Amino acid sequence: MGKILAICISENRGTQKHTVPTAVLTEDWGIRGDAHGGKWHRQVSLLSFEKVEAFRAKGAQVEFGAFGENLVVEGFDFRNLPVGTRFQCGEAVLEMTQIGKECHTHCQIYQVMGDCIMPREGVFAKVLKGGEIHEGDELVMLPADPDAPLRAAVVTLSDKGFSGEREDKSGPLLAQMLTQAGYEVVEKLLLPDVQTRIQTELVRLCDGRQCALILTTGGTGFSPRDVTPEATLAVATRNAPGIAEAIRTYSMTITDRAMLSRGASVLRNNTLIVNLPGSPKAAKEGLTCILPALKHGLEILQNKTGECAR
């Protein structure tokens, strides 16, 4: 059990948050009156009071809200809780959606201290149920939902798609197939064929959003701009070649050009990343091939089931 020590809001983006004694959490939006609310996954930010105190002990003069956090909570080490953890305060219910975030422009705290804790210690949540909260309220961690769906993300890699010259048909198709199979598709991205950017987003989806599965589509051919396999291998912690091999073997029964696909399949910690071809037809065929076997492997990876022998 935790305790809310501070509620912080800012009416405009880019301005430091200030404390308020009470606030209203709005379902699927965030804190009423806070500029960072919206229909996205980072509706409310939370920071552990103990992390703030440790930072202050280094000599930092920081007030609540200085890191851009909405809620300062005593009693929880948010950084070490899994994405999907739910909290209740009165009638309001929050669900963690992301751990940490990339810092694109260093804040004043970083300029003075050479460090900022929010990018690595801050977490984000969405509001599942609204309600009024107050300073001093208890924040209770709810039991894990054993029936929660596996989280997935779909990433389309296409220069032309990113520039608006071509409609992305493969990404939405894969997302639809995953949803129909019982997955929760938490993000759908369309990116250019830039290796560093692909790597950054894959790391965020694996480590920050803790997706069980990431499907990429596009960038697996022989063109000099096709760098999806290289980006995928660069972020891997373990190899899982059988999935990519199965896709090529299956696709070879349809077209001999399947041998030209360089798609990889790897693990990054508890996430499986699978590269699929860019065309909607080939992407659908590849996912159709592997979908029946994926769930068992992902549940093992996520420690939701044990090994089984047939």
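Keep in mind that what you see is a predicted model, and the values were worked out from it rather than measured. Residue numbers start at 1 and run along the sequence shown.
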- Answer with yes or no whether the side chains of Glu95 and His41 bring together a donor and an acceptor at under 3.5 Å. no
Test: side chain to side chain donor-acceptor pair (under 3.5 Å). Region: [range]. Which pairs qualify, not counting sequence neighbours?
| range | result |
| --- | --- |
| residues 151-164 | Thr156-Asp168, Asp159-Arg225, Ser163-Glu165 |
| residues 241-262 | Glu230-Arg262 |
| residues 231-243 | Thr232-Asn275 |
| residues 79-90 | Asp77-Asn80 |

- Message: Under 4.5 Å side-chain heavy-atom separation, chaining through any Ile, Leu, Val, Met, Phe, Trp or Tyr, what else clusters with Phe162? Say none if it is isolated.
- Response: none
- Could you work out the complete set of other residues in the hydrophobic cluster of Trp40, with links drawn between I, L, V, M, F, W and Y side chains under 4.5 Å apart? none
- Does Lys281 have any salt bridge (charged side-chain N to carboxylate O under 4.0 Å, His left out) partners at least two apart in sequence or in another chain, and if so, which? Glu285
- Can you list the residues that meet the ring pair (Phe, Tyr, Trp, His ring centres under 6.0 Å) rule with Phe87, with sequence neighbours excluded? Phe76, Phe78
Tell me, please, which residues at least two apart from [X] pass side chain to side chain contact (heavy atoms under 4.5 Å, CB included).
| X | result |
| --- | --- |
| Glu63 | none |
| Pro21 | none |
| Thr288 | Met177, Lys284 |
| Pro280 | Lys169, Ser170, Leu173 |

